[in-house]
Number of protein chains: 2
Amino acid sequence: MARLPGYLRALTALASDGTLSVSSEELASAAGVSSAMLRKDLSHLGSYGVRGVGYDVDRLASEIAAALGLTQDWPVAIVGMGNLGRALAAYRGFAERGFRVIALLDRDERVVGEVIAGTRVRSTADLPDLVERDGLAIGVIATPPEGAQEACDTLVDAGVRSVLNFAPVVLTVPDEVVVRTVDLSTELQILAFHGQRLAVAEAVAP
Amino acid sequence: MARLPGYLRALTALASDGTLSVSSEELASAAGVSSAMLRKDLSHLGSYGVRGVGYDVDRLASEIAAALGLTQDWPVAIVGMGNLGRALAAYRGFAERGFRVIALLDRDERVVGEVIAGTRVRSTADLPDLVERDGLAIGVIATPPEGAQEACDTLVDAGVRSVLNFAPVVLTVPDEVVVRTVDLSTELQILAFHGQRLAVAEAVAP
DNA sequence: GTCACTTTGTGCCTGTCTTCACAAAGTCGT
DNA sequence: ACGACTTTGTGAAGACAGGCACAAAGTGAC
Ligand SMILES: NC(=O)c1ccc[n+]([C@@H]2O[C@H](COP(=O)([O-])OP(=O)(O)OC[C@H]3O[C@@H](n4cnc5c(N)ncnc54)[C@H](O)[C@@H]3O)[C@@H](O)[C@H]2O)c1
Ligand SMILES: NC(=O)c1ccc[n+]([C@@H]2O[C@H](COP(=O)([O-])OP(=O)(O)OC[C@H]3O[C@@H](n4cnc5c(N)ncnc54)[C@H](O)[C@@H]3O)[C@@H](O)[C@H]2O)c1
């Protein structure tokens with residue numbers, strides 16, 4: 001169900017355009033998938049479409065949001081306030097989608113206390129408190145690769161069970177913890193692979 | 001073959017530890033996959049392992065790098081010098097993996113001319129020149145969603161055929177152009193989904 | 001009330017990706 | 001030189017995802 005967020009984004013865009021109803025064909029093209037796939041995905045949530053008409057935009061958006069667990073706000077903490085951590089802290093897009101950055105954390109005492117995007121950087125030692133008192137559920141790791149496993153362990157020990165990792169390392173976690181790693185170098189390498197394929201194809205048949 | 005970058009990263013780490021040879025079992029666990037999958041993946045590249053011994057770390061790293069097209073450096077341009085663009089510009093990890101950021105671009109005249117991470121920001125109008133003269137092959141889009149399609153079109157018109165997109169939109173491009181979109185909100189929403197599943201499971205069987 | 005038309009929901013098929021399991025191939029000690 | 005042992009490479013089986021195509025279900029005009 002990794003495509004639901006894409007559908008939700010397309011629906012939100014349609015709703016702000018004032019569109020009330022949408023067919024699977026239209027929504028699929030807006031989300032960049034095939035209409036058959038879209039219908040199959042939505043059918044797993046239940047029957048929210050009307051045959052001959054399509055889907056009610058607001059209704060479907062609510063259903064998808066509910067399925068994703070976005071009826072509540074999710075508290076997020078960012079660990080590692082370097083270049084990337086600062087950019088993430090300043091990003092408004094998270095709040096728009098129901099993710100509240102409630103804490104910025106770092107290990108380095110020279111960074112702790114600094115105010116970034118209106119929030120004071122705290123020590124990673126505060127993590128258990130954040131989970132206990134503020135319901136922190138999601139941790140974002142933006143430390144260098146060397147510190148990532150340690151940061152992850154600290155998060156997991158404090159009770160966080162969802163982690164978004166930007167460090168190019170494979171993190172080891174207990175089964176109940178979910179880690180998603182976003183590795184930009186990997187993305188670029190995949191693009192390089194395609195670039196090379198294009199170059200080779202062109203050399204053969206120019 | 002989206003896993004090759006992961007193998008390469010694991011191999012690089014092993015090489016810098018001084019390891020000369022590695023078994024499929026070890027490498028697979030370092031890369032976070034099963035050993036059967038690793039062997040099957042590697043067998044598509046050719047037979048670079050030695051039965052009873054394993055794989056030569058340096059040799060295999062070279063072969064994978066060659067398969068990915070990483071024997072050459074890939075010139076990269078970043079379009080959109082906001083929070084995220086600046087973080088990317090300052091990131092040293094790209095250069096380490098053979099990606100040279102040769103240009104920082106923005107549409108806003110107040111940003112053009114500014115020096116970020118030692119490079120002067122240029123106008124997007126320079127793009128055709130960068131492709132022609134410097135062999136620019138990969139474009140990174142770090143503009144707000146509204147500007148992303150326009151930025152993408154500019155890149156494609158200039159001749160760029162590999163695009164890494166950080167804006168949460170579906171980009172429309174010709175067939176020969178490859179776009180990879182990294183959407184952090186989507187990642188968080190998937191984590192929220194897991195968080196909710198855990199919460200529900202706990203409510204049922206505490 | 002009926003009929004033509006639109007669009008969903010879904011059974012089935014096809015191709016791909018993953019795992020299993022084992023023969024083939026090589027190493028190393030003796 | 002040989003045999004026990006280790007580890008690769010791969011055929012076969014299984015799981016899964018995606019697409020096709022159509023019946024079912026609803027709308028709306030007359
Ligand atoms: N900067 C980018 O644009 C970019 C792009 C792609 C990937 N990344 C990855 O993101 C990560 C961060 O990159 P960066 O450029 O922001 O790094 P950085 O060196 O600028 O910042 C790292 C910060 O993390 C803190 N830190 C280190 N270990 C810690 C720990 N165990 N607990 C808490 N804080 C800790 C440091 O004190 C520092 O403030 C790296 O893994 C990098 O590979 C960054
Ligand atoms: N900041 C983050 O950490 C973060 C996190 C996740 C996703 N994103 C996404 O990344 C993108 C950039 O975010 P940001 O916070 O850096 O935005 P930003 O508003 O800080 O910066 C955007 C920059 O892009 C430039 N720009 C706009 N349209 C352009 C065009 N057509 N061509 C060239 N330049 C153009 C603007 O002049 C501005 O300098 C957004 O799409 C955002 O959704 C950012």
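Worth knowing before you read on, the calculation uses all heavy atoms, side chains too, and leaves out hydrogens, waters and symmetry mates. Throughout, protein chains are lettered first and strands after them, A, B, ... in sequence-line order, and every chain is numbered starting at 1.
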Query raised in the report: Is the CD atom of Glu25(A) crowded by more than 12 outside heavy atoms at less than 6.0 Å?
Result: no
Query raised in the report: So with a 6.0 Å cut-off around CD of Gln72(A), is the heavy-atom count from everything else above 12?
Result: yes
Query - Taking every non-hydrogen atom, the tightest pair across Ala31(A) and Tyr7(A) - result: CB-CD2, 3.7 Å
Between [X] ([atom1]) and [N] ([atom2]), how many Å, whole number?
X: Leu45(A); N: dG9(C); atom1: CG; atom2: C1'; value: 13 Å
X: Tyr55(B); N: dA25(C); atom1: OH; atom2: C1'; value: 13 Å
X: Tyr48(B); N: dG26(C); atom1: OH; atom2: P; value: 16 Å
X: Met37(A); N: dC12(C); atom1: CE; atom2: P; value: 22 Å
X: Glu26(A); N: dT6(C); atom1: CD; atom2: P; value: 14 Å
X: Asp41(B); N: dC17(C); atom1: CG; atom2: P; value: 10 Å

Query - Residue whose nearest DNA chain D nucleotide is more 5′ - Lys40(B) or Val50(B) - result: Val50(B)
Query - Toward the 5' end of DNA chain D, by each residue's nearest nucleotide, Gly54(B) or Gly52(A) - result: Gly54(B)
**Report entry** Residue pairs involving residues 34-46 of chain A (criterion salt bridge (charged side-chain N to carboxylate O under 4.0 Å, His left out); sequence neighbours excluded)
**Finding:** Arg3(A)-Asp41(A)
Report task. Using the side-chain contact (heavy atoms from CB on, under 4.5 Å) rule, pick out the option among Asp134(B), Leu130(B), Ile138(B), Ile102(B) that qualifies with Pro75(B). Result -> Ile102(B)
Query raised in the report: OP1 or OP2 of dG11(C) less than 4.0 angstrom from a side-chain nitrogen or oxygen of Arg39(A), does that happen here?
Result: no
Query - Heavy-atom contact window of chain B on DNA chain D, given 5' to 3' at under 4.0 Å - result: dT6(D) to dA12(D)
Query raised in the report: Taking the side chain as C-beta and beyond, is there a heavy-atom pair between Thr143(A) and Arg107(A) under 4.5 Å?
Result: no
